[in-house]
Amino acid sequence: MAALDRSLLVVIVDVNPAMWTAEAAGEHAPFVPIIRHLCMFINAFRALDGGNRLAIVACHAGKPTMLIRADEELDRSLHTVLDTALVLVLLATPDDPAQYNSVMNCIFAAQRAAIMIDCFAIRTSSTFMQQAAHMTGGVYVEPTAQQELGLAQLLITLALPDRACRALLRQPKAHDVDFRAACFLTNQLLDRAYVCSVCLSIFHHGDIIECPACRSRFPPPPRLARKRAKRAVAPAHGGPVIGGAHAAAAGAGSSAPRPAL
Amino acid sequence: MADGRDARDARVSPLITFLVGQRRGRLGRLYANPWTCEAVVRALPPVARHYALRLVALGDTGDGATFAPATLEGWSLAHDAHQAALQWLLDLSIIERAEQPGALRLNAAFREQCGSLLCGLRPPAPKPPNKHTPSADELDAHAAAQWDALLYCVIHPSEWSDSTGYDMPAALLEPAGLIAARRVRARADGDDDDGDGGDDVDDDDGAETIEVWAMSKRGATFVLQDLSAQAWHILQVYIGDDERKLAFLLELAHMDFGHGYELRDEHRPLIAELHHLGIVHVRDAAKSKSFYPTRLAAAIVSSGDISPGGSARGRAIVESNLRVYVYTSSRAWTAILALFLRLRTLLPNAVVASITRERIQRAMREHGLSAEAIIAFLTRNAHEQVRRRPAEERDKALTVFEQIRLWERELERFTAKEAYYLSDFDTLALFDAELAHALASGTHLWHRREPGNARLCKLVLHEREDVIAEARARIKEFKRSAGLA
């Protein structure tokens, strides 16, 4: 019984030095109170259940460090031991489009393992984390300066309940999730794109001969079809971005990147 | 009360049940301890738990001496869950009604202590291990042995003996209603035979009687309950009116198993009894500087079904031929099984017993055990092997359980009442008059009216002296006036 109630919380804190320089330059208020609010939230999580486990990861530019590690036993089989696993991301720097692929992979893995990702974007905003929260059933919040003063309260209200409780408690509505995908080659965020019909990779330009992800060869596009293929790839509602883009591309008939048979 | 309590979880933590039964003022004093507050938060049902923490966090921003019930309602999506959570918090005095009509307020002590928890208050750190630190196995063995002794003492209270002179029957079991004094005839061997159903209640035959402890019906039900229910039944008596004891118990529950903690002077008077219950291990209650909480301490706040010794759970196998195998070498378990089973063989590590109608019905009559209590006991302690079986195979054991229920119903088939029987009436008019009297006075139990033959009319009345005397007088009067006498 007790084992069923325990949950694992993984807190990922963005400690990118970019925010210190901004802080030193007096561009915004210091970050230290935010860590204090985070500590309160973590104490509340501990108070919820004696069996609750915690891991804290500090995320430096390109180099994550595990600050507090959950039990070894939990590490091995996360979702078999635990009822619920939550990931809380405290973000302070904007998205890096170069990370698009790995972020999406993480999101799908979390979705499959029924792990919720909550994200609090402090004085920044993130398209990727917005999608992560939306797809895993978590919350994405950009606290206002006023809300930042009571961040602990916001965290306890929004990020503390597990999946079963969130079904009973009111959570903020996600407004207009930005579902734009990034080009696999140029890392640009795209409204419309070309999609490899074999591996569903997304490209800004249609004039590539071979898919760089799956090595499928595309035939040279006929001139007439090429114009039609430029039809908009509308943002999908709710579903996986790539699936949506694929559907649009398939509807366009003989779209540009196509594998050679 | 139609306040959404139906939506409450069927399984409520025993701590919550205990606290709800306390007086309001006392709850306020209990919340002055941070570990009590944390244990309460953990024991609350999920939605109420989040309400409490949100309210504490709200207070942190400075406003919020009082708030409207609508604030809470706005947090919730499900009306039933909201009502249930609010009612729990009100019952536990975590939320109080403020002076202004309709306004609510968080209990001040609760807010303060939970606030300090959120700010990072931690339980006292354990002492580094030394050569006296008992191993986990030793602690488990201590807890299991003490709890076994307690259970055995409930069944055979007169056999209690303790080297330190602690009188558990008088100190805990009698106040808890688990045992009661009973007069028995003094015997030469002084042994209170429990084996063959002979009831030794005093017979007023002039023989010398002595007073001994014997298990009460509540005690028999108690030994079949799960550990956390048992622990709380005993602890309610242990705690009594002393808030320090509850606070200390809940602090114990937050300590780590297998570590030693410093025994502070304020807790020294409390520790000896907890040692006897197996909740802590202490080498010498008067002198030792440290004590070691056992797993039983943590089990107090969890609602799970844990055994005092940690690992030894699930040891009974019930076969569809009414035979029961229980892997145990404990004296208490053997005594518990002997309450409702016929023991066939005692092996070093197991007891072989059979379920018989005579034993089960005797357990129901003499010890007041219900079929459900017996079935729950056997199901809860089912052996791992049994649990692993597919459901349809396990269902075979259900025929055994069904048989136990049938035996229980057999006992309930007849209910005996003292009654008075009237028949052989002289005239139908006399019978009708008596029937009317019986119905009017509420003493009527049964009647049979034969319009053709008043002699065959029958009337059964409640045995009540005054009513029957009146009826006799009326019949006599009737016979006299009719010239029949």
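Lettering follows sequence order; numbering is per chain, from 1.
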Does any part of the side chain of [Y], heavy atoms only, come nearer than 4.5 Å to the side chain of [X], both counted from C-beta?
| X | Y | answer |
| --- | --- | --- |
| B:V56 | A:I156 | no |
| A:L48 | B:H50 | yes |
| B:V47 | A:L169 | yes |

Exercise for the section: Could you check which of A:A164, A:A44, A:C165, A:P161 has the highest count of heavy-atom pairs closer than 4.5 Å to chain B? Expected result: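 Highest number of pairs under 4.5 Å: A:P161.
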
Practice task
Can you tell which part of A:R36 gets under 4.5 Å to a heavy atom of chain B, answering side chain, backbone, both or neither?
Solution key: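 Neither; nothing under 4.5 Å.
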
Exercise for the section: Can you tell which part of A:A167 gets under 4.5 Å to a heavy atom of chain B, answering side chain, backbone, both or neither? Expected result: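 Only the backbone of A:A167 comes within 4.5 Å of chain B.
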
Exercise for the section: Could you look at B:L53 and say if it's the side chain, the backbone, both or neither that has a heavy atom under 4.5 Å from chain A? Expected result: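 It is both, since atoms from each part get that close.
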
Practice task
Look at B:A78, B:A39, B:G120, B:A85 and state which one has the largest set of heavy-atom pairs under 4.5 Å with chain A.
Solution key: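 The residue among B:A78, B:A39, B:G120, B:A85 with the greatest pair count is B:G120.
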
Nearest 0.5 Å please: distance from the [atom1] atom of [X] over to the [atom2] atom of [Y].
| X | Y | atom1 | atom2 | value |
| --- | --- | --- | --- | --- |
| A:R170 | B:S76 | CZ | OG | 7.0 Å |
| B:S116 | A:N43 | OG | CG | 10.0 Å |
| A:L154 | B:R54 | CG | CZ | 10.0 Å |

